[in-house]
Amino acid sequence: MGKSGNNIKSIITILIVSVWFSTTLAQSNPELSIKPIKCVSGYGKAVALTFDDGLRPEIHKQLLNLAKKESVQVTFFLIGNTVDKNRLLKRTIREGHEIGNHSMTHSVLTKLSDAELRSEILDFQMVFKEDYDYVPTVFRAPKLQYDERVMKVLKESNLIPVNATVGTKDWAEDTTKEYIYNKAISAMKTCDGCIILMHEVKKTVDVLPQIIKYYRDNGYKFVTVSQLLSNKIQ
């Protein structure tokens with residue numbers, strides 16, 4: 001698909017996201033009642049593999065190579081100040097993976113001023129639009145911390161808040177590959193349309209082929225978060 005085709009696809013996705021998010025918020029109470037999405041039930045056997053806290057070039061490259069080998073598309077929730085026009089990001093987008101907004105500096109947004117909070121979210125959107133002609137449509141807050149102010153900015157930016165069905169705790173030094181694997185495969189017991197939260201770390205790369213095999217053996221397809229949300233499972 002050419003650049004114009006990618007732009008059209010992005011616009012369509014943004015419109016879908018905008019309608020969904022605005023409708024949901026319109027039905028909410030004045031207090032914070034919108035909860036970040038943890039899974040999308042009712043769409044059949046689909047799983048979204050997500051990776052936080054990149055870009056870590058060597059690990060990111062390994063993940064891209066593995067995803068290409070396994071013919072899967074994933075979602076990367078990146079930290080804006082780690083990308084810096086990195087060529088790997090162009091490859092990431094070109095190969096059909098999704099980029100999610102994970103803030104500019106990975107600061108806990110609920111502890112920031114209004115201006116700082118807005119900058120963390122909106123500057124990320126601006127960087128990816130200007131440098132990569134790409135508009136992220138999904139957002140995951142650092143430390144999964146949200147409040148009414150965060151949700152307000154997300155609504156203005158047409159960003160859907162996304163958490164996960166399960167987290168693998170792969171960021172912790174004492175977390176074993178066996179633990180990562182067992183937590184990852186447990187997501188399917190919660191609901192179909194599950195979202196797995198992982199990070200750009202070596203031990204996750206090592207165990208990922210086993211996770212992919214497990215889901216494939218159980219009839220699951222691999223999709224990006226936005227594909228899961230729009231029920232565009234190929």
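Residue indices begin at 1 and follow the sequence shown.
- Residues passing the salt bridge (charged side-chain N to carboxylate O under 4.0 Å, His left out) test with Lys213 are Asp217, sequence neighbours excluded.
- Residues Ile59 and Ile211 share a single hydrophobic cluster, defined by chaining ILVMFWY side chains whose heavy atoms lie under 4.5 Å apart.
- In this structure a side-chain-to-backbone donor-acceptor pair under 3.5 Å is present from Thr82 to Leu55.
- Between the CG atom in Asp131 and the CG atom in Leu89 there is a gap of 9.5 Å [rounded to 0.5 Å].
- The main-chain N or O of Leu159 is never found under 3.5 Å from a side-chain atom of Thr137 such that the two would form a donor-acceptor pair.
- Shown here are the salt bridge (charged side-chain N to carboxylate O under 4.0 Å, His left out) partners of Glu58, two or more places apart in sequence or in another chain: there are none.
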Next on the checklist: Pair Phe128, Leu78 - check side-chain contact (heavy atoms from CB on, under 4.5 Å), show working.
Outcome noted: CA-CA 11 Å; Phe128 274 84; Leu78 300 179; 4.1 Å; yes

Can you give the donor-acceptor pairs under 3.5 Å from side chains of residues 190-204 to other protein atoms, not counting sequence neighbours?
residue : atom : partner : partner atom : Å
Asp192  : OD1  : Tyr220  : OH           : 2.7
His199  : ND1  : Asp170  : OD1          : 2.7
Glu200  : OE1  : Arg56   : N            : 3.0
Glu200  : OE2  : His60   : ND1          : 2.8
Lys202  : NZ   : Asp206  : OD1          : 2.7
Lys202  : NZ   : Asp206  : OD2          : 3.3
Lys203  : NZ   : Ala172  : O            : 2.7
Lys203  : NZ   : Glu173  : O            : 3.4
Lys203  : NZ   : Thr175  : O            : 2.7
Thr204  : OG1  : Asp170  : OD2          : 2.5

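- Hydrophobic clustering places Tyr214 together with Val205 (ILVMFWY residues linked when any side-chain heavy atoms are closer than 4.5 Å, directly or through intermediates).
- Taking the side chain to side chain donor-acceptor pair (under 3.5 Å) definition, one finds that Asn65 meets it with Arg91, sequence neighbours left out.
- If you chain together hydrophobic residues whose side chains sit under 4.5 Å apart, Ile185 and Val166 fall into the same group.
- Listed by chain and residue number, nothing satisfies the salt bridge (charged side-chain N to carboxylate O under 4.0 Å, His left out) test with Asp174 (two or more places apart in sequence, or in another chain).
- In this structure, NZ in Lys90 is found 7.0 Å from OH in Tyr132, a value given to the nearest 0.5 Å.
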Which pairs would a plain distance check flag for residues 107-127, meaning a side-chain donor or acceptor within less than 3.5 Å of a matching protein atom at least two apart in sequence or in another chain?
residue : atom : partner : partner atom : Å
Ser107  : OG   : Thr105  : OG1          : 2.7
Ser113  : OG   : Glu116  : N            : 3.1
Ser113  : OG   : Glu116  : OE1          : 3.2
Asp114  : OD1  : Arg149  : NH1          : 2.7
Glu116  : OE1  : Ser113  : N            : 3.0
Arg118  : NH1  : Glu156  : OE1          : 2.8
Arg118  : NH2  : Glu156  : OE1          : 3.3
Ser119  : OG   : Asp123  : OD2          : 2.7
Glu120  : OE1  : Met104  : N            : 3.0
Glu120  : OE1  : Thr105  : N            : 2.9
Glu120  : OE1  : Thr105  : OG1          : 3.3
Glu120  : OE2  : Thr105  : OG1          : 2.6
Gln125  : OE1  : Asn101  : ND2          : 3.1
Gln125  : NE2  : Pro136  : O            : 3.1

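- The OG1 atom of Thr165 sits 10.5 Å away from the CD1 atom of Ile37 when rounded to the nearest 0.5 Å.
- Expressed to the nearest 0.5 Å, how far OG of Ser226 lies from CD1 of Ile99 amounts to 11.0 Å.
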Next on the checklist: Using side-chain contact (heavy atoms from CB on, under 4.5 Å), reason through Gln145 and Val150 one step at a time and then give a plain yes or no.
Outcome noted: CA-CA 9 Å; Gln145 297 295 308; Val150 174; over 6 Å; no

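- A search for side chain to side chain donor-acceptor pair (under 3.5 Å) contacts involving Asn163 returns Tyr146, not counting sequence neighbours.
- In the hydrophobic clustering of ILVMFWY residues, with side-chain heavy atoms under 4.5 Å counting as a link, Val162 and Leu144 come out apart.
- The hydrophobic clustering, which links ILVMFWY residues whose side-chain heavy atoms are closer than 4.5 Å, places Val225 and Ile79 apart.
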Checklist entry - Please walk me through it: do Phe139 and Val153 pass side-chain contact (heavy atoms from CB on, under 4.5 Å)? => result CA-CA 11 Å; Phe139 176 86; Val153 177; over 6 Å; no

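- Atoms CG and CZ, on Asp53 and Phe77 in that order, are 11.5 Å from each other to the nearest 0.5 Å.
- Closest approach of Lys183 and Thr168 over heavy atoms only: CB-CA, 4.2 Å.
- For Arg140 (side chain) and His102 (main-chain N/O), no donor-acceptor pair under 3.5 Å exists by modelled atom type.
- In this structure, Leu63 CG and Leu49 CG are separated by 10.0 Å, a value rounded to the nearest 0.5 Å.
- A side-chain donor-acceptor contact under 3.5 Å links Lys45 to the backbone of Asn218.
- Of all heavy-atom pairs between Tyr181 and Val207, the closest is CB-CG2, 3.7 Å.
- In this structure, Tyr215 and Val72 have side chains that are not in contact, with every pair of non-hydrogen atoms separated by 4.5 Å or more.
- Under the salt bridge (Lys or Arg N to Asp or Glu O under 4.0 Å) criterion, the residue pairs touching residues 68-79 are Glu70-Arg216, with sequence neighbours excluded.
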Checklist entry - Where do Lys143 and His106 land on the side-chain contact (heavy atoms from CB on, under 4.5 Å) test, with the steps shown first? => result CA-CA 8 Å; Lys143 309 297 183 183; His106 204 260; 4.1 Å; yes

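- Between Arg87 and Pro57, the closest side-chain pair of non-hydrogen atoms is not below 4.5 Å.
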